[in-house]
Amino acid sequence: MKIRTRFAPSPTGLLHIGNARAALFNYLFARHHGGEFVLRIEDTDRERSTQQAVDVIFDGLKWMGLDWDEEPVFQATRQDRHAEVVAQLMEKGMAYRCYCTPEELTAMREKARAEKRPPRYDGTWRDRDPSEAPEGVPYAIRLKAPKEGETIIKDLVQGEVRVANAEMDDLILLRSDGTPTYLLAVVVDDHDMGITHVMRGDDHLTNTFRQAMIYRAMGWDLPEFAHLPLIHGPDGAKLSKRHGAQSVVDFREEGILPEALCNYLLRLGWGHGDAEVLDREEQIKLFDMDGIGRSPSRMDYVKLSHLNGIWMRRADDERLTALVMQRLEQRDDLDHDETVRARVLALMPGLKERAKTVVELADNASFTGLRLPLTITPKAEKHLGEDGKKVLAGLEEKLAALEPFTAEGIDSTLRAFAAEHELKLGAVAQPLRAAMTGTTTSPGIDLTLAALGRDEVLARIRSVLSA
């Protein structure tokens, strides 16, 4: 059997982090077993589905590096097939027309609640003679669900789960306007697409019992099911906006690298010994169902940030420079030409050691594009008093004459200046750092000056001295 998994989001909003993890798990499971990972867009809710949301899904999956194997299937294009299956169920006597009006269904639910019963459909039209059907009245088509016994799902994560059939009502297959319900469409599409394993959030477990009835009514084999525990906020409550980033777009905007997010999501509900930092090749090699836990996971944004720092230090300098420049280009107060890009690239080995997100990285690199005069922070201003300016004035001539203007030469010049004036190296470096960046932090001062270049260094020193 060739394993086929699918990711089947609804294009009604952003790619939520829980859905992103489900996509990752489906992808890794298929790749681990040499199978196929396919994408289906469940867009039968035409009013809420948007092309923008579809684009967000595609963009998010590509950013995460989750490539799918076939052209995506759009569920809304398959409504004729869904109706065809319902017609077959009608012919088999496994489905029937229900003429209940919305008002009658509301009254039915209210009566059940008043009698402290679950508000389920009571089977009004289940066994009625078709001749009793009112003319010209729209109808839905319902599945004639079994009333005796129980439905058993042998879940690959949750274990064996049972529900008495008496607890489930006759679900709607086709609405009165002829459109298929989610429960029907998912079953037909998974069957037709040859899906062998359905891996999704455990909030779908109730749906699975209802979907199993459709499979069995059609005489189809059920796929294997694996229901993943949900992701909660750090406080154990349902993940919400108050907890912070929730979607793939949010995390990308906050400067998280895709490999860090995927690594974190993998470890959020799955484990393999003490392995923490895993690249995609290692993930595919190790991932399988037996490592998935049954308990809900809690988002730990601090841990994600730490992991992102690890992946940033591993990342290619050219790639990080491109990400930084994308952010710097959004600022009107900075230059962001090729000269600035070259400065950022030269400093990237030092910059990425000190940052945990691309946002932080861009902020730390922003001094490379600052225009004169620089805005000096109060903390940096303390290094630019009378003594600090004396240091800068003394260094101006020495740096102007330095040839070649390299980090090694700069380091030797600063050390010699400090020794000559009986100063600690910090007393020389800090005024320079303040003059170069307007702050008290930067990569090594020798590297910083070398990256900025002689002309810019002298211009920034003179700007401070003339202020």
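- The shortest side-chain heavy-atom distance between Met213 and Met168 falls under the 4.5 Å cut-off.
- A donor-acceptor pair under 3.5 Å links the side-chain atoms of Ser412 to the main chain of Glu408, judged by distance alone.
- Here the side chain of Glu456 pairs no donor or acceptor atom with the backbone of Gly453 at under 3.5 angstrom.
- Remark: the backbone N or O of Arg433 is paired with a side-chain donor or acceptor of Thr437 at under 3.5 angstrom.
- In this structure the side chain of Thr375 never reaches within 4.5 angstrom of the side chain of Asp333, judged on heavy atoms.
- Between the side chain of Arg294 and the backbone N or O of Val157 there is at least one donor-acceptor pair closer than 3.5 Å.
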Before giving the answer on side-chain contact (heavy atoms from CB on, under 4.5 Å), spell out for Gln246 and Leu14 the whole-Å C-alpha distance, their side-chain angles and the decisive distance to 0.1 Å. CA-CA 9 Å; Gln246 299 176 79; Leu14 297 174; over 6 Å; no

Asp288 vs His33, test: side chain to side chain donor-acceptor pair (under 3.5 Å). Steps then yes/no. CA-CA 9 Å; Asp288 216 339; His33 290 281; 3.1 Å; yes

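- For the atom pair CD1 of Ile57 and NE2 of His16, the computed distance is 13.5 Å after rounding to the nearest 0.5 Å.
- Counting only residues at least two apart or on different chains, the side chain to side chain donor-acceptor pair (under 3.5 Å) pairs with a member in residues 336-347 are Glu318-Arg341.
- Formation of a donor-acceptor pair under 3.5 Å by the Asn308 side chain with backbone atoms of Lys356 is found in this model.
- Judged by the 6.0 Å distance and 45° axis criteria, Arg142 is positioned over the aromatic ring of Tyr121.
- Under a 4.0 Å N-O distance rule, the pair Arg78/Asp192 qualifies as a salt bridge.
- Applying the side-chain hydrogen bond (donor to acceptor under 3.5 Å, both in side chains) test between Arg31 and each of Asn26, Thr5, Asp69 identifies Asp69 as the sole match.
- Taking both residues in full, the closest heavy atoms of Tyr215 and Asp190 are given as OH-CB, 3.5 Å, listed atom of the first, atom of the second, then distance.
- Between Pro229 and Gly293, the shortest heavy-atom contact is CG-O, 3.1 Å.
- In this structure, Phe7 and Leu66 have side chains that are not in contact, with every pair of non-hydrogen atoms separated by 4.5 Å or more.
- The CG atom of Leu392 sits 11.0 Å away from atom OG of Ser463, with the distance rounded to the nearest 0.5 Å.
- The minimum heavy-atom distance linking Glu253 with Val359 is given by the pair O-CG2, 3.5 Å.
- Side-chain contact of Arg200 with Thr208: a donor-acceptor pair under 3.5 Å is present, judged by distance alone.
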Could you walk me through whether Phe25 and Leu266 pass side-chain contact (heavy atoms from CB on, under 4.5 Å), step by step? CA-CA 7 Å; Phe25 280 21; Leu266 173 65; 4.1 Å; yes

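- You'll find the ring centres of Phe58 and Trp68 inside the 6.0 Å limit.
- The distance from the CG atom of Leu307 to the CG atom of Asn263 is 4.5 Å, given to the nearest 0.5 Å.
- Two residues are said to be in side-chain contact when any heavy atoms from C-beta on lie closer than 4.5 Å; Arg354 and Thr441 meet this criterion.
- Under the 3.5 Å distance criterion, with hydrogens and angles disregarded, a donor-acceptor pair is assigned to the side chains of Gln51 and Asp55.
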Run the side-chain contact (heavy atoms from CB on, under 4.5 Å) check on Leu452 and Thr448 step by step: do they pass? CA-CA 6 Å; Leu452 288 173; Thr448 299; 4.2 Å; yes

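- For the pair Arg6 and Glu70, the salt-bridge criterion is not met [side-chain N within less than 4.0 Å of a carboxylate O].
- With His197 contributing its side chain and Glu224 its backbone, the two residues share no donor-acceptor pair below 3.5 Å.
- We find the OG1-CG distance between Thr413 and Asp446 to be 10.5 Å, quoted to the nearest 0.5 Å.
- Glu281 and Lys285 are not joined by a salt bridge, as no carboxylate oxygen comes within less than 4.0 angstrom of a charged side-chain nitrogen.
- Looking at Asp45, Asp43, Asp189 one by one, the single match for side-chain hydrogen bond (donor to acceptor under 3.5 Å, both in side chains) with Gln75 turns out to be Asp189.
- Contact of the His232 side chain with the Pro296 side chain is registered, since non-hydrogen atoms from C-beta on lie closer than 4.5 Å.
- Although no hydrogens or angles enter the test, the distance criterion places a donor-acceptor pair under 3.5 Å between the side chain of Lys352 and the main chain of Ala315.
- A donor-acceptor contact shorter than 3.5 Å is absent between the side chain of Gln211 and the backbone of Val187.
- Arg280 is listed as a side-chain neighbour of Tyr27, based on a closest heavy-atom distance under 4.5 Å.
- Listed for the Thr179 side chain is no donor-acceptor partner under 3.5 Å among the backbone atoms of Arg175.
- Counting heavy atoms from C-beta outward, Arg331 and Leu334 have side chains that approach closer than 4.5 Å.
- Atom CG in Asp59 sits 9.5 Å away from atom CG in Leu15 (nearest 0.5 Å).
- Contact check on Arg210 versus Asp169 returns a salt bridge, with a Lys/Arg side-chain nitrogen under 4.0 Å from an Asp/Glu carboxylate oxygen.
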Might you work through the side-chain contact (heavy atoms from CB on, under 4.5 Å) test for Lys303 and Glu276, ending with a clear yes or no? CA-CA 11 Å; Lys303 188 171 183 179; Glu276 286 288 342; 4.0 Å; yes

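- Put simply, the side chain of Arg21 gets close to the backbone of Leu268: a donor and an acceptor are under 3.5 Å apart.
- Taking the salt bridge (Lys or Arg N to Asp or Glu O under 4.0 Å) definition, one finds that Glu115 meets it with Arg117, sequence neighbours left out.
- Here OG1 of Thr206 is found 8.5 Å from NE2 of His227. Values are rounded to the nearest 0.5 Å.
- Shortest non-hydrogen contact noted between Ala22 and Met199 is CB-O, 4.5 Å.
- Aromatic pair Trp270/Phe287: centroids less than 6.0 angstrom apart.
- Not counting sequence neighbours, Arg298 has no partner by the side chain to side chain contact (heavy atoms under 4.5 Å, CB included) test.
- Within 6.0 Å of the CD atom in Glu71, the count of heavy atoms belonging to other residues, nucleotides or ligands does not exceed 12.
- Minimum interatomic distance between Met312 and Val358 (heavy atoms only, all atoms of both residues): SD-N, 3.7 Å.
- By the 4.5 Å heavy-atom criterion applied to side chains, Leu425 and Leu414 are counted as neighbours.
- The nearest pair of heavy atoms linking Ala418 to Val428 is CB-CG2, 3.8 Å.
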